[in-house]
Amino acid sequence: MAQPIIEFKNVAMQYGETEVLKSIDLEIEQGKFYTLLGSSGSGKTTILRLMAGFLTPTGGDILFNGERINDVPPERRRINTVFQNYALFPNMNVAENVSFGMALKGKSKTEMKAKVAEMLDLVKLSGYEDREISELSGGQQQRVAIARALANEPEVLLLDEPLSALDYKLRKTMQYELRAIQQRLGITFVFVTHDQEEALAMSDWIFVMNDGKILQNGTPVDIYDEPINHFVAEFIGESNIVPGVMRKDYLVSFAGKDFENVDGGMRPNEPVEVVLRPEDLDLVPIDEGKLVVTIDTESFRGDYYEITAHDDDNNHWQIQATNQAEIGKRYGMYFDPEDIHIMRLNESEAAFDARLEQYDEES
Ligand SMILES: Nc1ncnc2c1ncn2[C@@H]1O[C@H](COP(=O)(O)OP(=O)(O)OP(=O)(O)O)[C@@H](O)[C@H]1O
Ligand SMILES: [Mg+2]
C-alpha cells in the first residue's frame with residue numbers, strides 16, 4: 001500500500017478533564033474521498049481541527065506523508081478547511097475572497113487573477129468575480145468557500161458539514177459536483193456529515209464515529225452490507241434487527257424458523273443479531289414466502305410503499321414494497337439468503353477481523 005498522506009496513531013484529545021477522542025487510529029490515502037460520519041458530538045469536527053492544526057492532540061501522533069506534524073501550525077500544513085458556516089469575508093467581493101490566501105503569500109496580480117478565474121470555473125461561478133458576498137445565495141456562497149480553499153492548492157481539503165444549510169435539491173447537486181471536483185483535481189477530500197445517505201453516495205471510504213471512537217471503517221458497500229454492530233446497522237440506514245441463533249455455518253434461526261444464509265465461522269448455536277434491509281424484503285403470496293407477516297401500516301413514498309408488519313413470533317418488520325398491500329391481511333415475506341446479514345454480539349471490529357481471517361484460513 002502507498003504511504004498514507006495523513007495518519008493518526010493512537011490520537012487522544014482532551015478538553016480539560018473531558019476526553020472527547022479516545023485512541024483514534026486512521027489512515028488517509030492520497031487522492032480519495034473520505035467521510036467522517038457520526039451523530040452530533042461524536043468528535044468529527046475535533047478530528048478535522050486536529051488534521052488542520054487548529055488543535056494539538058493530548059496523546060498520540062499525527063503524521064503527514066510519514067512525518068510527525070503534531071506541532072506544525074495550520075499555515076504550514078498543505079491542508080485547507082471549508083467550514084460549516086463558510087466563514088467568508090463579508091466586506092470583500094468574490095474574487096478577493098478566493099484570492100485571500102494567495103495575497104497573503106504575496107502572489108502577483110496576474111497569477112491571482114488567472115487562479116481566481118480557474119477556481120470560479122471549477123465551481124461553476126465564472127463571471128462572479130465582482131459580486132458582493134451578500135448578493136449570493138447559500139449555494140453560491142458555499143461554492144465560493146470551496147473555491148477559496150482550493151485556490152491555495154492544498155493536498156488535502158477538509159469539509160465540515162458543508163452542505164447542511166442547503167435545501168434538498170441543491171444539496172443533491174452539490175454532492176455530485178463536489179465529488180466531480182475531487183475526481184477532477186485528484187486531491188484528497190475529508191468530508192464530515194451526519195447524513196448517512198450523503199456519506200454512502202459520495203465516499204470512497206467511510207469512518208463511522210460514535211462517542212469519540214471510530215466504530216467501523218470501510219467502503220460504503222462494506223459498511224452498508226456488513227455493519228459491525230447494532231449501532232452502525234441502525235445508523236447507516238433503515239434496518240430490521242431481530243435476535244437469532246447461528247445453528248451452524250450457513251444456517252441461522254430467527255422468528256421461529258431456520259434459514260439458509262451465507263455467513264459462517266461462528267460457534268454452533270451462537271446468539272447473534274440478524275439484519276435485513278427493508279429494500280431487500282418483498283411481499284408475496286403466503287406459500288411463496290419465507291415468513292408469514294400481517295400488515296400493520298402502509299404509506300406511499302413516491303417510488304415505493306413503506307410498510308410495517310409483524311410475524312407470528314411478534315418481530316416487527318419494515319418493508320419497502322413496490323406493490324400496495326392491505327392492512328390487516330397476511331402475506332408471505334420473501335428474502336434471499338445473501339440478504340441476511342449476521343452481527344455478533346458485543347464484538348469489536350479488531351476481534352471480528354481476526355476471527356474472519358482465521359475462518360478464511362480454515363475454510
Ligand atoms: N472547546 C471545547 N471545550 C470543551 N469541549 C468541547 C470543545 N469543543 C468540543 N467539545 C466537545 O467535544 C465533543 C466532540 O465535539 P465535536 O465538535 O468534535 O463533535 P461533532 O461530531 O463535530 O458534532 P456536530 O455534528 O454537532 O458538529 C462534544 O461533546 C463537544 O461538546
Ligand atoms: Mg462538528
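The chain is numbered in sequence order, starting from 1. Treat the numbers as computed from the prediction; the structure is a model and nothing was measured. All ligand and atom numbering here is 1-based and tracks the order in the structure.
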List ligand 1 atoms under 4.0 Å from Glu161, heavy atoms only on the residue side.
25 (O)

For atom 1 (N) of ligand 1, grab the closest protein heavy atom and report residue, atom and distance to one decimal in Å.
Tyr15 CE2, 3.5 Å

Best match, His194, Lys44, Glu17: closest heavy atom to atom 25 (O) of ligand 1
Lys44

Out of Gly41, Ser40, Ser39, who gets a non-hydrogen atom closest to atom 28 (C) of ligand 1?
Gly41

Validate the cation-pi geometry between Lys329 and Tyr331: distance from NZ or CZ to the six-membered ring centre under 6.0 Å, angle to the ring axis within 45°.
yes

Does the protein place a non-hydrogen atom closer than 4.0 angstrom to atom 31 (O) of ligand 1?
no

Protein residue, atom and distance nearest to atom 13 (C) of ligand 1, heavy-atom basis:
Val20 CG1, 3.6 Å

Would Arg148 and Phe89 count as a cation-pi pair here, with the cationic atom under 6.0 angstrom from the ring centre and within 45° of the axis?
yes

For atom 11 (C) of ligand 1, state whether the nearest protein heavy atom is under 4.0 Å away.
yes

Does one hydrophobic cluster hold both Leu185 and Val116, with members joined at side-chain heavy-atom distances below 4.5 Å?
yes

Answer yes or no: is there a donor N or O on one side and an acceptor on the other, between the side chain of Asn97 and the main chain of Asn93, under 3.5 Å?
yes

Within less than 2.8 Å of the Mg ion (ligand 2), any N, O or S from Thr45?
yes

Heavy-atom nearest pair, Asn240 first then His316, reads OD1-O, 3.9 Å

Kindly confirm or rule out a cation-pi arrangement of Arg277 over Phe335, judged by NZ or CZ under 6.0 Å from the six-membered ring centre and within 45° of its axis?
no

of all protein heavy atoms, closest to atom 17 (O) of ligand 1 is Thr45 CB, 3.6 Å

Give a yes or no on whether a salt bridge exists between Arg143 and Glu177, defined as a side-chain N under 4.0 angstrom from a carboxylate O.
yes

For ligand 1, does Met209 get within less than 4.0 Å through its side chain, its backbone, both, or neither, judged by non-hydrogen atoms?
neither

The option among Thr46, Asp211, Leu21 carrying the non-hydrogen atom nearest to atom 18 (O) of ligand 1 is Thr46

Using only heavy-atom distances, determine whether the side chains of Tyr334 and Asp336 contain a donor-acceptor pair under 3.5 Å.
yes

